[in-house]
Amino acid sequence: TVKNAVQSMRNGAYDYIAKPFDIDELDITVAKALQFRDIMRDNARMRAELDEHAQFDSLVGDSPAFRKVLHAVDSVRDSTATILLTGESGTGKELVARAIHKHGSRADKPFVAVNCAAIPEGLLESEMFGYEEGAYTGARKGGARGKFELANKGTLFLDEVSNLPLEMQAKLLRTLQENKIVRIGGDRPIPIDAHIMAATNKDLKEEVANGTFREDLFYRLDIVHIKVPALRERKADIPLIVNNYIKINSARLHKKVKGLDEEAMKTLMAFNWPGNVRQLNNVIERMMILTDKEIMTKDAIPPEIKSPSSETFYEAIRSDDIDSLDVVNRKYIKRVVEQFGGNIKKASERLGISRATVYRYLEK
């Protein structure tokens, strides 16, 4: 009845089918419902991403090193050229990509972020290009769109792009050249108009030399290159970052923290932050959770950040005239892991970086 149909829609049903059922009509309705469900899921995902990154509404920093990044963002925001963002883990490469998208002509279109290292190799192609109904056992009825289709008319951000296997690199290159994709199990080319940004914390030229990254894909991605500096290269920005983080997170953490005293801020600025801005934000959040003061003091800073051993360690490295900052990070992370008895999980949590990053430095 009409009354039942209206009630079903209010309860969240996509459609209403009266009895007796017509099998063909039911089949068509179910297929449309599944497509509708996918659209709603995509919308929910994008809303979640907006909520997650609402606190990072703007890039924070005024140091000479970071002003170069801000200038680059302003210069390329309306460009459709492929952008390669490089820099250490935790420097905020995705934040820069989102800023370019937000301030550009595609701001009202989707921003789709893909962590290339987090998707199992066997699922990469279907995740990126989608699949048709019946493409493989268990394939969803009606098929599914991949990341390229979801990002159509918007921006596709490929994080940790260096982790893509060579076979997938070849398919990505072809897509970038032709601006078309073909779903798994399909034969119909689908035009794609997505602004491509990629990010990596590795030296892609070195990866090319090692044979783990395609040279032609590297040059295709490296049309506009933006290097995001490590936090130790822009320590003057630390007070701005800290105060901004406190301001936008006080309500979320149910705290009335207003800032840090001078001694505490000097301590944070003296540290070398191997986990960069991500680590700094994690430390500030931990301090805010544990404090009952409006102005946080040095006492609230975790021991590994303010300990003399950390300062002595970095002084020792400087006295050895080691030029590579990567070596500094390597030795420091190894030292922290040793302090935690080889417990990678605890070391990564204390450092504010991922376990994968800790393992990568240890392998070096």
Kindly indicate whether the side chain of [X], heavy atoms from C-beta on, has any atom under 4.5 Å from the side chain of [Y].
| X | Y | result |
| --- | --- | --- |
| Asp62 | Arg67 | yes |
| Asn343 | Val337 | no |
| Glu149 | Ile192 | yes |
| Leu204 | Tyr219 | no |
| His195 | Phe111 | no |
| Phe271 | Lys235 | no |
| Met128 | Met168 | yes |
| Ile223 | Leu221 | no |

Tell me if a side-chain donor or acceptor on [X] pairs with a main-chain N or O of [Y] at a distance below 3.5 Å.
| X | Y | result |
| --- | --- | --- |
| Ser126 | Leu123 | yes |
| Asn243 | Pro239 | yes |
| Lys255 | Thr291 | yes |
| Arg106 | Gly154 | yes |
| Asn152 | Asp193 | yes |
| Arg350 | Glu304 | no |
| Asn244 | Leu240 | no |
| Gln169 | Arg214 | yes |
| Gln279 | Leu351 | yes |
| Ser75 | His71 | yes |

Identify the heavy atoms of [X] and [Y] that sit nearest to each other, and give their distance.
| X | Y | answer |
| --- | --- | --- |
| Ala264 | Ile301 | O-CD1, 3.5 Å |
| Ala194 | Ala151 | CB-O, 3.6 Å |
| Arg360 | Ser89 | NH2-CB, 4.2 Å |
| Thr82 | Arg220 | OG1-NH1, 3.1 Å |
| Val224 | Ala81 | CG2-CB, 4.0 Å |
| Ser63 | Asp237 | OG-OD2, 2.7 Å |

CG/Asn210: more than 12 non-hydrogen atoms of other groups inside 6.0 Å: yes
Enclosure of Lys334 NZ (heavy-atom neighbours >12, cutoff 6.0 Å): no
Lys/Arg cation over aromatic Phe66: Arg234, 6.0 Å, 45° cone: yes
Chi angles and distances behind the salt bridge (charged side-chain N to carboxylate O under 4.0 Å, His left out) call for Lys298, Glu262: CA-CA 9 Å; Lys298 184 178 179 180; Glu262 185 176 351; over 6 Å; no
Separation of [Y] [atom2] from [X] [atom1] (nearest 0.5 Å):
| X | Y | atom1 | atom2 | answer |
| --- | --- | --- | --- | --- |
| Ile181 | Leu172 | CD1 | CG | 12.5 Å |
| Ile241 | Asn281 | CD1 | CG | 7.5 Å |
| Ile284 | Leu260 | CD1 | CG | 5.5 Å |
| Arg77 | Ile83 | CZ | CD1 | 12.5 Å |
| Tyr361 | Asn329 | OH | CG | 4.0 Å |
| Leu231 | Leu268 | CG | CG | 10.0 Å |

Donor-acceptor pair between Tyr131 and Glu125 side chains, under 3.5 angstrom: no
Any side-chain donor near an acceptor of the partner, Glu207 and Thr212, under 3.5 Å: yes
Worked check of side-chain contact (heavy atoms from CB on, under 4.5 Å) between Asp261 and Met296: CA-CA 6 Å; Asp261 67 12; Met296 296 189 292; over 6 Å; no
Trace of the side-chain contact (heavy atoms from CB on, under 4.5 Å) decision for Val358 with Ile353: CA-CA 7 Å; Val358 175; Ile353 59 180; 3.7 Å; yes
Passing candidate, side-chain hydrogen bond (donor to acceptor under 3.5 Å, both in side chains) with Glu88, options Arg278, Arg232, Lys93: Arg232
Derivation and outcome, side-chain contact (heavy atoms from CB on, under 4.5 Å), residues Leu156 and Phe148: CA-CA 7 Å; Leu156 179 62; Phe148 273 96; 3.6 Å; yes
Ionic contact status for Lys171 with Glu167, cut-off 4.0 Å: yes
Salt bridge flag under 4.0 Å for residues Arg183 and Glu132: yes
Can you get from [X] to [Y] by hopping between Ile, Leu, Val, Met, Phe, Trp and Tyr side chains that sit under 4.5 Å apart?
| X | Y | result |
| --- | --- | --- |
| Leu124 | Leu176 | yes |
| Ile289 | Ile246 | yes |
| Met265 | Met288 | yes |
| Ile305 | Ile295 | no |

Counterpart residues, ring-ring contact (aromatic ring centres under 6.0 Å, His included), relative to Phe213 (two or more places apart): none
Leu217/Val208 under side-chain contact (heavy atoms from CB on, under 4.5 Å): CA gap, chis, key distance, verdict: CA-CA 10 Å; Leu217 178 59; Val208 169; over 6 Å; no
